[in-house]
Trainee: 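Submitted below is the structure of interest, expressed as structure tokens.
Just so you know, these numbers use all the heavy atoms, side chains as well, and skip hydrogens, waters and symmetry mates. A note on names: the letters A, B, ... follow the listed sequences, proteins ahead of strands, and every chain is numbered from 1.
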Number of protein chains: 2
Amino acid sequence: MKQEDAIDAFSALAHETRLAVFRLLVREGPEGVPALEIARRLAVKPSTLSGHLGILKRAELVTATRRQKEILYAPNFASVDLLVRFLLQDCCGGDATACGSDASTAAGLMVVKES
Amino acid sequence: MKQEDAIDAFSALAHETRLAVFRLLVREGPEGVPALEIARRLAVKPSTLSGHLGILKRAELVTATRRQKEILYAPNFASVDLLVRFLLQDCCGGDATACGSDASTAAGLMVVKES
DNA sequence: TAGTCAATTCGGAAGTTTCCGAAATGAGGG
DNA sequence: CCCTCATTTCGGAAACTTCCGAATTGACTA
């Protein structure tokens, strides 16, 4: 992952509506939710939502698949995983025990990094 | 964690210089690095960096501690952990096996969520 | 092919973020 | 107390982001 891609992903999530969309999709799971249903549930105008979905899609945080007339949006968990790994890469110069000592929860993320 | 806090954190990371600062601090570990050394290593003007460090600090992604004349900045791993948990909260309506099926790496993040 | 429903594109006004030089603040040491 | 060095604050111009109505595209059905 390049820095630029990480910035696209963080920018995409750094917005009230887009973060709400992503979390809604995470809750709903891999099946996906149609654009217009997302718009209705979050009380956002369809044209506005379309722009936001485009940004999330370009950042590869969501996938879009057509089902008849509708387009279903679903979260891309693999991208979140890559993003977190990128953020914590080479933590403490590679000696992960050095950061685990003061933040027990961070150790959990280190395990992810190693897996 | 409130949505607003998550947006502050994602916005903070959604910038070339700030992301580079955070990753530098992750690599350096919990000891911390003085502001002016960060500025030098990333070739950023001190006044510009100061604004960026303030944004990272307000988002609670870094901590600042004084050591004599210098202020040492260090990453806050616990906040990253909270942020990822917030993002993936109630994944697949609570049935984590539903998302693990198609993205093996995502399962790693789910483990974090459960720990 | 015409009709319908779902989703996207476009324009442009309003708001927000970014940058850096110069000046100000703050902490120590002599 | 004064000096020095580290860092922050301020201003204001340039660049980017956000919003939504109207028009458009695209896909399925009859």
Trainee: Using a strict heavy-atom distance below 4.0 Å, which residues from residues 62-73 of chain B are in contact with DNA chain D?
Mentor: B:Lys69, B:Glu70, B:Ile71, B:Tyr73
Trainee: Going by the rule side-chain hydrogen bond (donor to acceptor under 3.5 Å, both in side chains), which residues pair with A:Ser79 if we only count those two or more places apart in sequence or in a different chain?
Mentor: A:Asn76
Trainee: Any donor-acceptor pair under 3.5 Å linking the side chain of B:Arg66 with the backbone of B:Lys69?
Mentor: yes
Trainee: With each end axis built from five pairs of C1' atoms, what bend angle do you get for the helix from C:dT1-D:dA30 to C:dG30-D:dC1? Round to 10°.
Mentor: 30°
Trainee: Backbone N or O of B:Glu16 within a donor-acceptor pair of the A:Gln3 side chain at under 3.5 Å?
Mentor: yes
Trainee: Check whether any side-chain heavy atom of B:Asp90 lies under 4.5 Å from a side-chain heavy atom of A:Val26, and answer yes or no.
Mentor: no
Trainee: Could you list the donor-acceptor pairs under 3.5 angstrom formed between side-chain atoms of residues 48-65 of chain B and any protein atom two or more places apart in sequence or on another chain?
Mentor:
residue : atom : partner : partner atom : Å
B:His52 : ND1  : B:Arg18 : NH1          : 3.2

Trainee: For nucleotides 15-19 of chain C, give me every protein contact, N/O to N/O, under 3.5 Å, one pair per line with atom names.
Mentor:
residue : atom : partner : partner atom : Å
C:dT18  : OP1  : B:Arg18 : NH2          : 3.2
C:dT18  : OP2  : B:Arg18 : NH1          : 3.3
C:dC19  : OP2  : B:His15 : NE2          : 3.4
C:dC19  : OP2  : B:His52 : NE2          : 2.6

Trainee: Work out which heavy atom in A:Pro30 is nearest to a heavy atom in A:Ala74; give both atom names and the distance.
Mentor: O-CB, 3.6 Å
Trainee: Can you give the first and last nucleotides of DNA chain D, 5' to 3', that have an atom under 4.0 Å from a heavy atom of chain B?
Mentor: D:dT4 to D:dT9
Trainee: Which atom pairs, one a donor and one an acceptor, fall under 3.5 Å between side chains of residues 39-47 of chain B and the rest of the protein, sequence neighbours left out?
Mentor:
residue : atom : partner : partner atom : Å
B:Arg41 : NH1  : B:Glu37 : OE2          : 3.0
B:Arg41 : NH2  : B:Glu28 : OE2          : 3.0

Trainee: Heavy atoms only: give me the nearest A:Gly29-B:Cys92 pair and the separation to one decimal.
Mentor: CA-SG, 3.8 Å
Trainee: Applying side-chain hydrogen bond (donor to acceptor under 3.5 Å, both in side chains), can you list everything that pairs with B:Arg67, at least two apart in sequence or on another chain?
Mentor: B:Glu70
Trainee: Suppose we screen for side-chain hydrogen bond (donor to acceptor under 3.5 Å, both in side chains). Which residues come up paired with B:Asp5, at least two apart in sequence or across chains?
Mentor: none
Trainee: Quick one: pull up CZ in B:Phe22 and CD1 in B:Ile38 and give me the separation to the nearest 0.5 Å.
Mentor: 12.0 Å
Trainee: Not counting sequence neighbours, which residues clear salt bridge (Lys or Arg N to Asp or Glu O under 4.0 Å) with B:Arg27? List them please.
Mentor: none
